[in-house]
Amino acid sequence: MPEGDTVWQATRRLHNALAGHVLTVSDLRVPKYALTDLTGRTVLSVIPRGKHLLTRVEGGLTLHSHLRMDGSWKIYAPGERWRGGPAHQIRAILGTEERTAVGYRLPVLELLHTADEDRAVGHLGPDLLGPDWDPDKALANLLSDPDRALGEALLDQRNLAGIGNVFKSEICFLLRVTPWLPIGKLPTEYAAHLPTVSKKLLDFNRERPTRVTTGRSDQTLFVYGRAGRPCLRCGTRIRVANQGDGSRERPTYWCPSCQPGPSPQPGRR
């Protein structure tokens with residue numbers, strides 16, 4: 001599941017493959033940009049912003065993409081077979097003489113002036129893996145709505161950018177509270193550690209092929225994806241339930257013993 005760490009990795013791969021090279025292939029397979037041709041332009045950089053990818057090209061243009069749940073960018077050498085999915089799922093192709101980047105199942109793909117990037121990402125809070133990271137600002141944003149559930153506040157990219165369902169569940173476990181606890185009721189000492197814990201988890205995983213929050217190789221995550229299995233800390237069965245308004249699937253995992261506080265009743269096992 002793409003979150004700030006995996007987007008950071010995808011961006012680095014794209015940057016290493018494309019930056020400094022002239023585009024020889026440009027194919028944006030969305031109706032609005034079907035006739036757009038970026039060939040002949042040099043790719044200047046590819047940078048992450050939270051869960052967003054910004055590919056800057058010569059001439060003051062930026063290709064903005066977002067992976068959401070299923071999107072991906074794959075890099076291929078000349079003659080290499082493309083394996084990211086069927087052809088009808090391809091949304092973008094950017095190629096140079098040495099590498100080809102193929103974007104699959106991209107739900108967001110737009111071309112904008114680099115000077116207007118804020119139109120796409122200006123709403124985001126401090127980026128956990130970005131140069132603008134500001135833990136005090138992030139915490140202030142989170143606490144601005146004290147009645148909001150902690151898990152929902154963490155997922156709101158306007159508060160801080162980069163956290164998704166996996167890290168949300170793991171952060172709440174490490175703080176020993178349920179994701180449904182109103183963030184204003186989070187003990188002061190826990191709230192003070194919230195930005196630090198979040199930053200530490202994403203930093204630790206941004207260069208790792210497999211996401212790890214436990215420090216163990218046999219069990220890489222404390223609660224996410226472990227419904228019905230014993231908690232690594234106390235042995236109680238992990239539960240899962242959807243969190244949010246129901247407009248999106250937001251599976252949320254927690255240990256009912258280690259994480260006191262409100263939770264859906266009954267929690268599904």
Side-chain angles (χ1 to χ4, degrees), residues 1-21 43-56 62-77 80 83-85 92 94 96 98-106 108 117 121 124-135 137-138 154-155 157 159-175 193-226 232 253:
M1 182 179 297
E3 302 194 21
D5 57 335
T6 48
V7 170
W8 189 92
Q9 293 170 15
T11 303
R12 184 175 64 171
R13 289 193 296 269
L14 282 170
H15 180 87
N16 291 342
L18 301 178
H21 298 279
V43 177
L44 304 178
S45 63
V46 187
I47 66 168
R49 185 72 175 87
K51 300 181 185 181
H52 301 252
L53 296 87
L54 302 173
T55 302
R56 295 170 177 167
T62 295
L63 185 65
H64 165 230
S65 58
H66 195 297
L67 305 182
R68 297 256 172 99
M69 298 292 287
D70 301 315
S72 67
W73 280 96
K74 303 291 186 182
I75 308 296
Y76 301 106
E80 185 179 357
R83 302 177 303 279
L94 299 176
T96 71
E98 298 179 0
R99 292 286 186 273
T100 299
V102 183
Y104 292 89
R105 300 171 298 278
L106 301 175
V108 175
E117 285 178 356
V121 297
L124 298 175
D127 186 343
L128 282 152
L129 296 179
D132 68 317
W133 173 242
D134 183 338
K137 175 63 175 174
L154 288 171
L155 287 183
Q157 303 299 294
N159 291 331
L160 71 173
I163 293 175
N165 273 342
V166 177
F167 282 120
K168 173 193 76 172
S169 294
E170 297 295 296
I171 289 167
C172 290
F173 178 82
L174 290 170
L175 292 177
H193 290 302
L194 179 52
T196 302
V197 170
S198 303
K199 170 72 169 173
K200 184 176 181 180
L201 285 184
L202 268 76
D203 261 337
F204 183 75
N205 283 283
R206 67 177 176 176
E207 305 220 30
R208 302 182 67 88
T210 301
R211 190 176 285 144
V212 176
T213 61
T214 62
R216 296 168 50 171
S217 59
D218 58 332
Q219 297 286 351
T220 56
L221 301 176
F222 282 110
V223 290
Y224 190 86
R226 300 190 67 248
L232 299 180
Y253 297 80

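Just so it is clear, the values below take in all heavy atoms, side chains as well, and ignore hydrogens, waters and symmetry mates. Fair warning: this is a prediction, and the values are worked out from it, not measured in the lab.
Residues satisfying the salt bridge (Lys or Arg N to Asp or Glu O under 4.0 Å) criterion with Arg226, sequence neighbours excluded, are absent altogether. Residues passing the salt bridge (Lys or Arg N to Asp or Glu O under 4.0 Å) test with Arg105: none are found, sequence neighbours excluded. When the side chain to side chain donor-acceptor pair (under 3.5 Å) test is applied to Arg12, the partners found at least two apart in sequence or on another chain are Glu207. For Arg99, there are no salt bridge (Lys or Arg N to Asp or Glu O under 4.0 Å) partners two or more places apart in sequence or in a different chain. With sequence neighbours left out, the ring pair (Phe, Tyr, Trp, His ring centres under 6.0 Å) criterion links His15 to no other residue.
Using bins of under 30°, 30° to 60° and over 60° for the plane-to-plane angle, the ring pair His52/His64 lands in the parallel bin.
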Mind listing the side-chain donor-acceptor pairs of residues 43-51 below 3.5 Å, one per line with the distance, residues two or more places apart or on another chain?
| unit_1 | atom_1 | unit_2 | atom_2 | d |
| --- | --- | --- | --- | --- |
| Arg49 | NH1 | Gly125 | O | 3.4 |
| Arg49 | NH2 | Asp132 | OD2 | 3.3 |
| Lys51 | NZ | Ile163 | O | 3.1 |

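Nearest heavy-atom pair, Trp73 versus Ala92, reported as atom, atom and distance to 0.1 Å: CH2-CB, 3.6 Å. When all heavy atoms of Val223 and Ser169 are compared, the closest pair comes out as CG2-O, 3.7 Å. Residue Ser198 comes nearest to Ile171 through the heavy atom pair OG-CD1, 3.4 Å, listed as atom of the first residue, atom of the second, then distance. Ser65 approaches Leu106 most closely through the heavy-atom pair CB-CD1, 4.3 Å. Taking all atoms of both residues into account, the shortest heavy-atom contact from Ala138 to Pro126 is N-CG, 4.0 Å. Residues Glu3 and Asn165 come closest through the heavy atom pair OE2-N, 3.3 Å.
Between Leu202 atom CG and Trp133 atom CH2 the span is 9.0 Å, to the nearest 0.5 Å. Distance check: Leu154 CG to Leu160 CG gives 6.5 Å after rounding to the nearest 0.5 Å. In this structure, NE2 in His66 is found 10.5 Å from CG in Leu54, a value given to the nearest 0.5 Å. Summarising the geometry, atom CG belonging to Leu14 is positioned 8.0 Å from atom CG belonging to Leu94; distances are rounded to the nearest 0.5 Å.
Here the side chains of Tyr253 and Leu221 are not in contact, with every heavy-atom distance at 4.5 Å or above. Within the 4.5 Å cutoff, the side chain of Ile75 has no heavy atoms near those of the Asn16 side chain.
Counting only distance, with no hydrogens or angles, the side chain of Asp203 and the backbone of Leu129 share no donor-acceptor pair below 3.5 Å. Without hydrogens or angle criteria, Glu170 side chain to Lys168 main chain gives no donor-acceptor distance under 3.5 Å. Judged purely by atom type and a 3.5 angstrom limit, Tyr76 uses its side chain to pair as donor or acceptor with the backbone of Arg83. One N or O on the side chain of Gln9 and one on the backbone of Arg208 form a donor-acceptor pair closer than 3.5 Å.
Heavy atoms of other residues, nucleotides or ligands lying less than 6.0 angstrom from NZ of Lys137 number 12 at most.
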message: Between Leu201 and Leu174, is the side chain to side chain contact (heavy atoms under 4.5 Å, CB included) condition met? List the steps.
response: CA-CA 10 Å; Leu201 285 184; Leu174 290 170; 3.8 Å; yes

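A side chain to side chain donor-acceptor pair (under 3.5 Å) with Arg216 is found for exactly one of Thr213, Thr214, Asp218, namely Asp218.
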